[in-house]
> 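I'd like to ask you about the structure that follows.
Quick note: numbers below take in every heavy atom, side chains included, and nothing from hydrogens, waters or symmetry partners. Naming: A, B, ... by sequence-line order, numbering from 1 per chain.
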Amino acid sequence: MFGLVDCNNFYASCERVFRPELEGRPVVVLSNNDGCVIARSQEAKVLGVRMGEPYFKVRELMERHGVVVCSSNYELYGDMSRRVMWCLSQVAPAVEVYSIDEAFLDLAGMAQHCALERKRYRDLTDWAGEVRGTVQQRTGIPVCVGVAPTKTLAKLANRLAKIAKLANSGPGVLVLSDEAQRREALAQVAVGDVWGVGSRSAAKLAAVGIRTAGELAGVGDAWARKNLGGVVGARLLHELRGFPCAGVAVEDEARKSLACTRSFGQPLTELADMAGAVASHAARAGEKLRRQGLEARLLTVFVETSKYAGLPPPYSFSAQLTLPVATDDTLTLVRAAQCGLERLWRPGRRYVKAGVVLDGLERAGADQQALLFAEVARSPERSKLMRAMDALNERYGTGTVKVGAAVARPGQREAWAMRRDVRSPAFTTKWGELWGLRC
DNA sequence: TCTGGGGTCCTAGGACCC
DNA sequence: TCTGGGGTCCTAGGACCC
(Lines give C-alpha, C1' and ligand atoms only; values in the text may rest on other atoms or scores of the structure.)
Protein backbone atom coordinates (compact mmCIF):
# COMPACT_ATOMS: atom_id res chain seq x y z
CA MET A 1 0.00 0.00 0.00
CA PHE A 2 1.02 3.60 -0.65
CA GLY A 3 0.21 6.73 1.28
CA LEU A 4 0.13 10.19 -0.24
CA VAL A 5 0.45 13.15 2.09
CA ASP A 6 -0.33 16.50 0.47
CA CYS A 7 -0.18 19.85 2.23
CA ASN A 8 -3.31 21.96 1.88
CA ASN A 9 -2.75 25.23 -0.02
CA PHE A 10 0.88 24.88 0.96
CA TYR A 11 2.41 28.31 0.23
CA ALA A 12 -0.61 30.13 1.60
CA SER A 13 -0.52 27.91 4.70
CA CYS A 14 3.19 28.72 5.21
CA GLU A 15 2.43 32.44 5.13
CA ARG A 16 -0.26 31.86 7.74
CA VAL A 17 1.86 29.92 10.18
CA PHE A 18 3.81 33.05 11.05
CA ARG A 19 1.03 35.56 10.41
CA PRO A 20 -1.96 34.12 12.20
CA GLU A 21 -3.92 37.31 11.48
CA LEU A 22 -4.27 35.90 7.94
CA GLU A 23 -6.39 33.02 9.25
CA GLY A 24 -9.85 33.18 7.69
CA ARG A 25 -8.78 35.81 5.14
CA PRO A 26 -8.22 35.17 1.44
CA VAL A 27 -4.49 34.84 0.71
CA VAL A 28 -2.69 34.36 -2.62
CA VAL A 29 0.98 33.83 -3.41
CA LEU A 30 2.50 35.12 -6.66
CA SER A 31 5.18 33.64 -8.90
CA ASN A 32 8.53 35.34 -9.53
CA ASN A 33 8.20 38.80 -11.03
CA ASP A 34 4.84 38.86 -9.25
CA GLY A 35 3.56 37.43 -12.54
CA CYS A 36 0.97 34.74 -11.82
CA VAL A 37 -1.07 33.40 -8.96
CA ILE A 38 0.55 30.13 -7.89
CA ALA A 39 -1.15 29.42 -4.57
CA ARG A 40 -4.48 30.34 -3.04
CA SER A 41 -6.03 29.88 0.36
CA GLN A 42 -9.48 28.29 0.37
CA GLU A 43 -11.11 31.72 0.76
CA ALA A 44 -9.29 32.96 -2.37
CA LYS A 45 -10.41 29.88 -4.31
CA VAL A 46 -14.00 30.62 -3.35
CA LEU A 47 -13.63 34.17 -4.70
CA GLY A 48 -12.86 32.62 -8.09
CA VAL A 49 -9.14 33.40 -8.28
CA ARG A 50 -7.77 30.73 -10.59
CA MET A 51 -4.46 28.92 -10.44
CA GLY A 52 -1.90 30.33 -12.87
CA GLU A 53 -3.93 33.46 -13.56
CA PRO A 54 -1.81 36.51 -14.45
CA TYR A 55 -1.79 38.91 -11.52
CA PHE A 56 -2.63 41.98 -13.60
CA LYS A 57 -5.88 40.35 -14.70
CA VAL A 58 -7.20 39.68 -11.21
CA ARG A 59 -5.61 42.52 -9.32
CA GLU A 60 -8.75 44.62 -9.31
CA LEU A 61 -10.94 41.75 -8.09
CA MET A 62 -8.49 40.96 -5.32
CA GLU A 63 -8.24 44.57 -4.17
CA ARG A 64 -12.02 44.75 -4.03
CA HIS A 65 -12.17 41.72 -1.74
CA GLY A 66 -9.21 42.60 0.44
CA VAL A 67 -7.15 39.60 -0.67
CA VAL A 68 -3.74 39.43 1.01
CA VAL A 69 -1.11 39.19 -1.75
CA CYS A 70 2.36 37.72 -1.13
CA SER A 71 5.38 37.49 -3.44
CA SER A 72 6.77 33.98 -3.31
CA ASN A 73 9.22 33.29 -0.50
CA TYR A 74 10.92 30.01 -1.34
CA GLU A 75 13.31 30.20 1.58
CA LEU A 76 10.36 30.02 3.92
CA TYR A 77 8.47 27.35 1.95
CA GLY A 78 11.59 25.23 1.51
CA ASP A 79 12.28 25.27 5.22
CA MET A 80 8.66 24.48 6.15
CA SER A 81 8.75 21.66 3.62
CA ARG A 82 11.83 20.13 5.28
CA ARG A 83 10.00 20.20 8.62
CA VAL A 84 6.95 18.45 7.19
CA MET A 85 9.11 15.79 5.50
CA TRP A 86 11.01 15.22 8.71
CA CYS A 87 7.73 14.54 10.52
CA LEU A 88 6.78 12.03 7.83
CA SER A 89 10.10 10.23 8.15
CA GLN A 90 9.15 9.58 11.78
CA VAL A 91 5.78 7.99 11.04
CA ALA A 92 6.42 5.79 8.00
CA PRO A 93 9.01 3.21 7.03
CA ALA A 94 9.94 4.87 3.71
CA VAL A 95 9.30 8.33 2.32
CA GLU A 96 9.63 9.66 -1.22
CA VAL A 97 9.62 13.44 -1.29
CA TYR A 98 7.63 13.97 -4.47
CA SER A 99 7.45 17.75 -4.48
CA ILE A 100 7.81 20.66 -2.10
CA ASP A 101 4.40 19.91 -0.60
CA GLU A 102 3.81 16.22 -1.24
CA ALA A 103 5.30 12.89 -0.26
CA PHE A 104 4.55 9.26 -1.04
CA LEU A 105 4.88 6.83 1.84
CA ASP A 106 5.64 3.15 1.23
CA LEU A 107 3.64 1.17 3.74
CA ALA A 108 5.08 -2.24 2.85
CA GLY A 109 7.21 -2.28 5.99
CA MET A 110 4.52 -0.97 8.34
CA ALA A 111 4.37 -4.03 10.59
CA GLN A 112 8.07 -3.89 11.43
CA HIS A 113 8.01 -0.11 11.64
CA CYS A 114 5.21 -0.18 14.22
CA ALA A 115 6.97 -2.88 16.21
CA LEU A 116 10.16 -0.82 16.32
CA GLU A 117 8.35 2.36 17.26
CA ARG A 118 6.15 0.46 19.74
CA LYS A 119 3.06 1.82 18.10
CA ARG A 120 -0.25 0.11 17.57
CA TYR A 121 -3.01 1.24 15.27
CA ARG A 122 -6.53 -0.09 14.83
CA ASP A 123 -6.20 0.16 11.07
CA LEU A 124 -4.71 2.35 8.31
CA THR A 125 -7.35 5.01 8.80
CA ASP A 126 -6.31 5.30 12.43
CA TRP A 127 -2.65 5.58 11.40
CA ALA A 128 -3.35 8.15 8.65
CA GLY A 129 -5.29 10.28 11.14
CA GLU A 130 -2.30 10.32 13.44
CA VAL A 131 0.02 11.35 10.59
CA ARG A 132 -2.27 14.24 9.85
CA GLY A 133 -2.44 15.34 13.47
CA THR A 134 1.31 15.06 14.00
CA VAL A 135 2.22 17.22 11.03
CA GLN A 136 -0.36 19.82 11.98
CA GLN A 137 0.82 19.97 15.57
CA ARG A 138 4.54 20.09 14.86
CA THR A 139 4.60 22.40 11.84
CA GLY A 140 1.27 24.23 11.76
CA ILE A 141 0.68 22.97 8.21
CA PRO A 142 -2.63 21.23 7.49
CA VAL A 143 -2.36 18.09 5.35
CA CYS A 144 -4.61 15.36 3.95
CA VAL A 145 -3.70 11.70 3.57
CA GLY A 146 -4.76 9.21 0.89
CA VAL A 147 -3.93 5.49 1.11
CA ALA A 148 -4.36 2.92 -1.68
CA PRO A 149 -2.66 0.01 -3.48
CA THR A 150 -1.05 2.20 -6.17
CA LYS A 151 0.38 5.71 -6.30
CA THR A 152 -2.25 6.86 -8.78
CA LEU A 153 -5.02 5.59 -6.51
CA ALA A 154 -3.36 7.13 -3.45
CA LYS A 155 -3.42 10.50 -5.24
CA LEU A 156 -7.05 9.96 -6.04
CA ALA A 157 -7.86 9.00 -2.44
CA ASN A 158 -6.06 12.10 -1.23
CA ARG A 159 -8.15 14.25 -3.51
CA LEU A 160 -11.39 12.76 -2.21
CA ALA A 161 -10.15 13.14 1.37
CA LYS A 162 -9.58 16.85 0.75
CA ILE A 163 -13.00 17.37 -0.79
CA ALA A 164 -14.76 15.59 2.08
CA LYS A 165 -12.75 17.53 4.65
CA LEU A 166 -13.75 20.83 3.08
CA ALA A 167 -17.39 19.82 3.18
CA ASN A 168 -16.95 18.89 6.84
CA SER A 169 -17.94 15.34 6.00
CA GLY A 170 -14.61 13.57 6.45
CA PRO A 171 -11.54 13.43 8.67
CA GLY A 172 -9.04 14.52 6.00
CA VAL A 173 -7.87 10.96 5.38
CA LEU A 174 -9.19 8.25 3.07
CA VAL A 175 -8.10 4.63 2.73
CA LEU A 176 -9.05 2.54 -0.31
CA SER A 177 -8.30 -0.98 0.78
CA ASP A 178 -10.82 -3.14 -1.05
CA GLU A 179 -12.34 -3.48 -4.48
CA ALA A 180 -15.67 -1.90 -3.57
CA GLN A 181 -13.98 1.19 -2.15
CA ARG A 182 -11.79 1.47 -5.23
CA ARG A 183 -14.76 1.32 -7.59
CA GLU A 184 -16.76 3.82 -5.58
CA ALA A 185 -13.84 6.26 -5.50
CA LEU A 186 -13.18 5.97 -9.23
CA ALA A 187 -16.81 6.72 -10.01
CA GLN A 188 -16.62 10.00 -8.08
CA VAL A 189 -13.60 11.51 -9.80
CA ALA A 190 -13.73 13.35 -13.12
CA VAL A 191 -11.26 11.98 -15.63
CA GLY A 192 -9.42 15.31 -15.87
CA ASP A 193 -8.68 15.15 -12.14
CA VAL A 194 -6.78 11.87 -12.42
CA TRP A 195 -3.02 12.15 -11.87
CA GLY A 196 -1.44 11.94 -15.32
CA VAL A 197 -4.46 13.14 -17.30
CA GLY A 198 -3.90 16.70 -18.44
CA SER A 199 -6.18 19.01 -20.36
CA ARG A 200 -5.25 17.55 -23.78
CA SER A 201 -5.98 13.98 -22.80
CA ALA A 202 -9.12 15.01 -20.92
CA ALA A 203 -10.45 16.64 -24.10
CA LYS A 204 -9.72 13.50 -26.14
CA LEU A 205 -11.45 11.36 -23.55
CA ALA A 206 -14.47 13.65 -23.41
CA ALA A 207 -14.76 13.39 -27.18
CA VAL A 208 -15.29 9.63 -26.89
CA GLY A 209 -17.64 9.97 -23.95
CA ILE A 210 -15.31 9.00 -21.12
CA ARG A 211 -15.99 11.25 -18.15
CA THR A 212 -15.02 9.51 -14.92
CA ALA A 213 -11.91 7.78 -13.65
CA GLY A 214 -13.96 4.58 -13.49
CA GLU A 215 -14.80 4.78 -17.19
CA LEU A 216 -11.15 5.49 -17.98
CA ALA A 217 -10.08 2.37 -16.07
CA GLY A 218 -12.34 0.39 -18.40
CA VAL A 219 -10.96 1.52 -21.77
CA GLY A 220 -8.93 -0.89 -23.86
CA ASP A 221 -5.16 -0.98 -23.51
CA ALA A 222 -4.63 -0.53 -27.24
CA TRP A 223 -6.76 2.60 -27.29
CA ALA A 224 -4.88 4.00 -24.30
CA ARG A 225 -1.53 3.29 -25.92
CA LYS A 226 -2.61 5.00 -29.10
CA ASN A 227 -4.24 8.05 -27.55
CA LEU A 228 -2.74 8.64 -24.13
CA GLY A 229 0.98 8.79 -24.78
CA GLY A 230 1.99 5.16 -25.43
CA VAL A 231 3.44 3.32 -22.46
CA VAL A 232 2.56 6.26 -20.22
CA GLY A 233 -1.14 5.70 -20.90
CA ALA A 234 -0.88 1.94 -20.45
CA ARG A 235 0.75 2.38 -17.04
CA LEU A 236 -1.90 4.86 -16.00
CA LEU A 237 -4.68 2.32 -16.67
CA HIS A 238 -2.89 -0.42 -14.75
CA GLU A 239 -2.46 1.84 -11.77
CA LEU A 240 -6.13 2.83 -11.80
CA ARG A 241 -7.07 -0.84 -11.83
CA GLY A 242 -5.03 -1.40 -8.72
CA PHE A 243 -1.81 -2.87 -10.16
CA PRO A 244 1.22 -0.80 -9.17
CA CYS A 245 3.61 0.25 -11.94
CA ALA A 246 5.85 2.43 -9.80
CA GLY A 247 7.34 2.03 -6.37
CA VAL A 248 8.49 4.60 -3.88
CA ALA A 249 11.89 6.04 -4.79
CA VAL A 250 13.38 6.47 -1.36
CA GLU A 251 16.99 7.46 -1.81
CA ASP A 252 17.12 10.78 -3.55
CA GLU A 253 17.78 9.00 -6.80
CA ALA A 254 20.35 10.62 -9.04
CA ARG A 255 18.51 13.45 -10.70
CA LYS A 256 18.72 13.62 -14.46
CA SER A 257 18.80 17.34 -15.08
CA LEU A 258 18.95 20.64 -13.32
CA ALA A 259 17.87 24.05 -14.54
CA CYS A 260 18.16 27.73 -13.69
CA THR A 261 15.75 29.84 -15.68
CA ARG A 262 14.14 33.23 -15.14
CA SER A 263 11.86 35.68 -16.81
CA PHE A 264 13.23 39.21 -16.78
CA GLY A 265 11.68 42.19 -15.04
CA GLN A 266 11.49 43.77 -18.51
CA PRO A 267 12.35 42.54 -22.02
CA LEU A 268 16.03 42.51 -23.02
CA THR A 269 17.31 43.59 -26.42
CA GLU A 270 21.06 43.94 -25.82
CA LEU A 271 23.50 41.05 -26.06
CA ALA A 272 25.54 42.42 -23.15
CA ASP A 273 22.53 42.26 -20.83
CA MET A 274 21.59 38.80 -22.04
CA ALA A 275 25.15 37.62 -21.53
CA GLY A 276 24.97 38.86 -17.94
CA ALA A 277 21.70 37.02 -17.34
CA VAL A 278 23.00 33.80 -18.86
CA ALA A 279 26.22 34.02 -16.84
CA SER A 280 24.31 34.45 -13.62
CA HIS A 281 22.11 31.43 -14.45
CA ALA A 282 25.19 29.33 -15.25
CA ALA A 283 26.79 30.42 -11.98
CA ARG A 284 23.70 29.47 -9.99
CA ALA A 285 23.58 26.13 -11.79
CA GLY A 286 27.20 25.55 -10.73
CA GLU A 287 26.29 26.26 -7.11
CA LYS A 288 23.43 23.77 -7.29
CA LEU A 289 25.73 21.12 -8.76
CA ARG A 290 28.30 21.52 -6.02
CA ARG A 291 25.70 21.57 -3.27
CA GLN A 292 24.40 18.22 -4.53
CA GLY A 293 27.81 16.74 -5.22
CA LEU A 294 27.15 16.42 -8.96
CA GLU A 295 28.89 17.24 -12.22
CA ALA A 296 27.37 17.89 -15.65
CA ARG A 297 28.39 16.73 -19.13
CA LEU A 298 25.84 18.67 -21.20
CA LEU A 299 24.84 22.30 -21.04
CA THR A 300 21.89 23.83 -22.86
CA VAL A 301 21.29 27.57 -23.11
CA PHE A 302 17.92 28.83 -24.20
CA VAL A 303 16.37 32.24 -24.77
CA GLU A 304 12.72 33.04 -25.37
CA THR A 305 10.70 35.89 -26.77
CA SER A 306 7.13 36.40 -25.56
CA LYS A 307 4.61 33.65 -26.27
CA TYR A 308 1.86 36.21 -25.87
CA ALA A 309 3.11 38.85 -28.26
CA GLY A 310 1.04 37.48 -31.13
CA LEU A 311 4.13 36.91 -33.28
CA PRO A 312 4.44 33.73 -35.27
CA PRO A 313 6.51 30.99 -33.63
CA PRO A 314 9.21 30.14 -32.95
CA TYR A 315 9.81 32.05 -29.78
CA SER A 316 12.24 29.65 -28.14
CA PHE A 317 15.83 29.00 -29.24
CA SER A 318 18.33 26.66 -27.69
CA ALA A 319 21.89 25.48 -28.12
CA GLN A 320 23.37 22.43 -26.51
CA LEU A 321 27.08 22.00 -25.79
CA THR A 322 28.90 18.86 -24.79
CA LEU A 323 31.48 19.68 -22.15
CA PRO A 324 34.91 18.09 -22.65
CA VAL A 325 34.68 16.47 -19.22
CA ALA A 326 31.97 16.44 -16.58
CA THR A 327 32.37 19.50 -14.40
CA ASP A 328 30.92 21.50 -11.53
CA ASP A 329 33.20 24.46 -12.10
CA THR A 330 31.35 27.76 -12.37
CA LEU A 331 33.91 29.42 -14.63
CA THR A 332 33.81 26.52 -17.13
CA LEU A 333 30.00 26.52 -17.11
CA VAL A 334 29.81 30.28 -17.59
CA ARG A 335 32.21 30.14 -20.52
CA ALA A 336 30.26 27.31 -22.16
CA ALA A 337 26.99 29.15 -21.62
CA GLN A 338 28.39 32.31 -23.24
CA CYS A 339 29.53 30.20 -26.20
CA GLY A 340 26.04 28.78 -26.60
CA LEU A 341 24.48 32.20 -26.36
CA GLU A 342 26.69 33.55 -29.14
CA ARG A 343 25.45 30.76 -31.40
CA LEU A 344 21.84 31.58 -30.62
CA TRP A 345 21.78 35.30 -30.48
CA ARG A 346 19.77 37.15 -33.11
CA PRO A 347 19.60 40.91 -32.65
CA GLY A 348 16.40 42.90 -32.96
CA ARG A 349 14.24 40.64 -30.80
CA ARG A 350 12.70 41.39 -27.42
CA TYR A 351 13.71 38.54 -25.15
CA VAL A 352 11.67 37.89 -22.02
CA LYS A 353 13.37 34.84 -20.57
CA ALA A 354 16.61 32.86 -20.58
CA GLY A 355 17.89 29.75 -18.89
CA VAL A 356 20.69 27.26 -18.47
CA VAL A 357 19.89 23.55 -18.25
CA LEU A 358 22.43 20.91 -17.23
CA ASP A 359 22.06 17.28 -18.30
CA GLY A 360 24.16 14.16 -18.18
CA LEU A 361 24.60 14.55 -14.43
CA GLU A 362 26.84 12.20 -12.49
CA ARG A 363 28.37 12.05 -9.05
CA ALA A 364 31.35 14.36 -8.70
CA GLY A 365 34.59 12.54 -9.44
CA ALA A 366 32.89 9.74 -11.39
CA ASP A 367 34.21 10.91 -14.75
CA GLN A 368 37.37 8.83 -15.13
CA GLN A 369 38.38 10.63 -18.29
CA ALA A 370 38.60 13.86 -16.35
CA LEU A 371 41.57 12.38 -14.52
CA LEU A 372 43.51 12.47 -17.79
CA PHE A 373 42.94 16.19 -18.02
CA ALA A 374 43.28 16.85 -14.34
CA GLU A 375 45.25 20.05 -14.76
CA VAL A 376 42.46 21.77 -16.68
CA ALA A 377 39.39 20.00 -15.39
CA ARG A 378 39.98 19.67 -11.72
CA SER A 379 42.83 21.86 -10.70
CA PRO A 380 43.03 22.03 -6.91
CA GLU A 381 43.23 25.82 -7.04
CA ARG A 382 40.02 26.01 -9.01
CA SER A 383 38.18 23.72 -6.57
CA LYS A 384 39.46 25.80 -3.71
CA LEU A 385 38.21 28.94 -5.41
CA MET A 386 34.75 27.40 -5.84
CA ARG A 387 34.65 26.29 -2.23
CA ALA A 388 35.67 29.77 -1.09
CA MET A 389 32.96 31.41 -3.23
CA ASP A 390 30.31 29.04 -1.92
CA ALA A 391 31.43 29.59 1.66
CA LEU A 392 31.32 33.38 1.33
CA ASN A 393 27.91 33.35 -0.30
CA GLU A 394 26.62 30.96 2.34
CA ARG A 395 27.98 33.04 5.18
CA TYR A 396 27.24 36.57 3.95
CA GLY A 397 24.28 35.97 1.65
CA THR A 398 23.67 35.00 -1.97
CA GLY A 399 25.47 37.24 -4.45
CA THR A 400 28.20 38.41 -2.08
CA VAL A 401 30.78 37.04 -4.55
CA LYS A 402 29.90 36.72 -8.24
CA VAL A 403 31.67 35.95 -11.49
CA GLY A 404 32.48 39.17 -13.35
CA ALA A 405 30.36 38.12 -16.34
CA ALA A 406 27.26 38.16 -14.14
CA VAL A 407 27.80 41.68 -12.86
CA ALA A 408 26.05 44.62 -14.52
CA ARG A 409 28.14 47.26 -16.28
CA PRO A 410 29.41 49.98 -13.96
CA GLY A 411 26.72 52.36 -12.84
CA GLN A 412 23.93 50.17 -14.26
CA ARG A 413 21.42 48.04 -12.50
CA GLU A 414 21.10 44.42 -13.55
CA ALA A 415 18.71 44.71 -16.47
CA TRP A 416 17.64 41.10 -16.01
CA ALA A 417 16.67 41.43 -12.33
CA MET A 418 13.19 40.29 -11.36
CA ARG A 419 10.49 42.05 -9.44
CA ARG A 420 9.41 40.85 -6.03
CA ASP A 421 7.48 43.62 -4.36
CA VAL A 422 5.54 42.03 -1.54
CA ARG A 423 7.72 39.24 -0.17
CA SER A 424 7.22 38.16 3.43
CA PRO A 425 10.28 37.79 5.71
CA ALA A 426 12.39 34.62 5.78
CA PHE A 427 10.95 33.89 9.22
CA THR A 428 12.89 30.72 9.83
CA THR A 429 16.20 31.05 7.96
CA LYS A 430 17.56 34.59 8.43
CA TRP A 431 18.58 36.05 11.77
CA GLY A 432 17.48 39.52 10.75
CA GLU A 433 14.02 38.31 9.74
CA LEU A 434 13.15 35.95 12.59
CA TRP A 435 9.69 36.09 14.04
CA GLY A 436 9.50 38.70 16.75
CA LEU A 437 7.48 38.56 19.95
CA ARG A 438 6.44 41.62 21.97
CA CYS A 439 5.88 41.08 25.67
C1' DT B 1 2.23 47.82 -20.11
C1' DC B 2 1.97 43.45 -16.94
C1' DT B 3 1.58 35.89 -18.13
C1' DG B 4 6.71 31.33 -13.02
C1' DG B 5 10.24 27.88 -12.35
C1' DG B 6 11.80 23.24 -12.07
C1' DG B 7 11.20 18.77 -13.25
C1' DT B 8 9.96 13.95 -15.96
C1' DC B 9 9.14 11.11 -20.04
C1' DC B 10 8.43 10.42 -24.85
C1' DT B 11 8.74 11.25 -30.03
C1' DA B 12 10.78 12.63 -34.31
C1' DG B 13 13.79 14.18 -37.93
C1' DG B 14 18.33 15.54 -39.69
C1' DA B 15 23.35 15.13 -39.59
C1' DC B 16 26.84 12.26 -39.06
C1' DC B 17 29.46 7.94 -38.05
C1' DC B 18 30.83 3.00 -38.80
C1' DT C 1 16.76 -1.04 -61.68
C1' DC C 2 18.01 -2.76 -57.09
C1' DT C 3 20.01 1.31 -51.88
C1' DG C 4 21.14 -1.75 -44.59
C1' DG C 5 21.35 -1.56 -39.83
C1' DG C 6 22.66 0.45 -35.80
C1' DG C 7 24.47 4.00 -33.34
C1' DT C 8 25.11 9.12 -31.28
C1' DC C 9 24.27 13.94 -31.11
C1' DC C 10 21.46 17.90 -31.71
C1' DT C 11 17.21 20.58 -31.96
C1' DA C 12 12.51 20.87 -31.26
C1' DG C 13 8.22 19.94 -29.40
C1' DG C 14 4.28 17.55 -26.86
C1' DA C 15 2.36 16.18 -22.61
C1' DC C 16 2.27 15.97 -17.95
C1' DC C 17 3.39 17.07 -12.88
C1' DC C 18 3.77 20.44 -8.71
> Using whole Å, what does the distance between atom P of nucleotide dG4(B) and atom CG of Asn32(A) come to?
9 Å
> What string of B, S and - do you get for nucleotides 11-18 of chain C 5' to 3' if you count protein non-hydrogen atoms under 4.0 Å?
BS--SSSS
> Side chain of Lys288(A): nearest nucleotide among dC10(B), dG4(B), dG7(B)?
dG7(B)
> Distance check needed: dT8(C) P versus Asp359(A) CG, whole Å only.
16 Å
> Using atom OH of Tyr351(A) as one end and atom P of dT3(B) as the other, report the distance to the nearest whole Å.
17 Å
> Would you mind reading off the distance between Met62(A) atom CE and dT3(B) atom P, rounded to a whole angstrom?
15 Å
> Write down the distance between CD1 (Ile38(A)) and C1' (dG6(B)), rounded to a whole number of angstrom.
12 Å
> Regarding Val357(A), tell me which of base, sugar-phosphate or nothing describes its non-hydrogen contacts under 4.0 Å with the strands shown.
nothing
> What nucleic acid atoms does Arg59(A) come within less than 4.0 Å of, heavy atoms only: base, sugar-phosphate, or nothing?
nothing
> For Lys307(A), report the nucleic acid contact type (base, sugar-phosphate, nothing); a contact means any heavy atom under 4.0 Å.
nothing
> For the side chain of Glu96(A) and the backbone of Phe104(A), is there at least one donor-acceptor N/O pair under 3.5 Å apart?
no
> Any idea which of dG6(B), dC10(B), dT3(B) is nearest the Lys57(A) side chain?
dT3(B)
> Within the structure, does a side-chain N or O atom of Arg255(A) lie under 4.0 Å from either OP1 or OP2 of dG7(B)?
yes
> Just the rounded figure in Å: distance from P of dG4(B) to OH of Tyr74(A).
11 Å
> Looking at Thr322(A), I'd like to know whether one of its side-chain N or O atoms comes within less than 4.0 Å of OP1 or OP2 on dC10(C).
yes
> Between dC10(B), dT8(B), dG4(B), spot the one nearest the side chain of Ser257(A), thanks.
dT8(B)
> Tell me which nucleotide among dG6(B), dT3(B), dC10(C) gets nearest to the side chain of Pro54(A).
dT3(B)
> Picking from dC10(C), dG7(B), dT8(B), which would you name as closest to the side chain of Lys256(A)?
dT8(B)
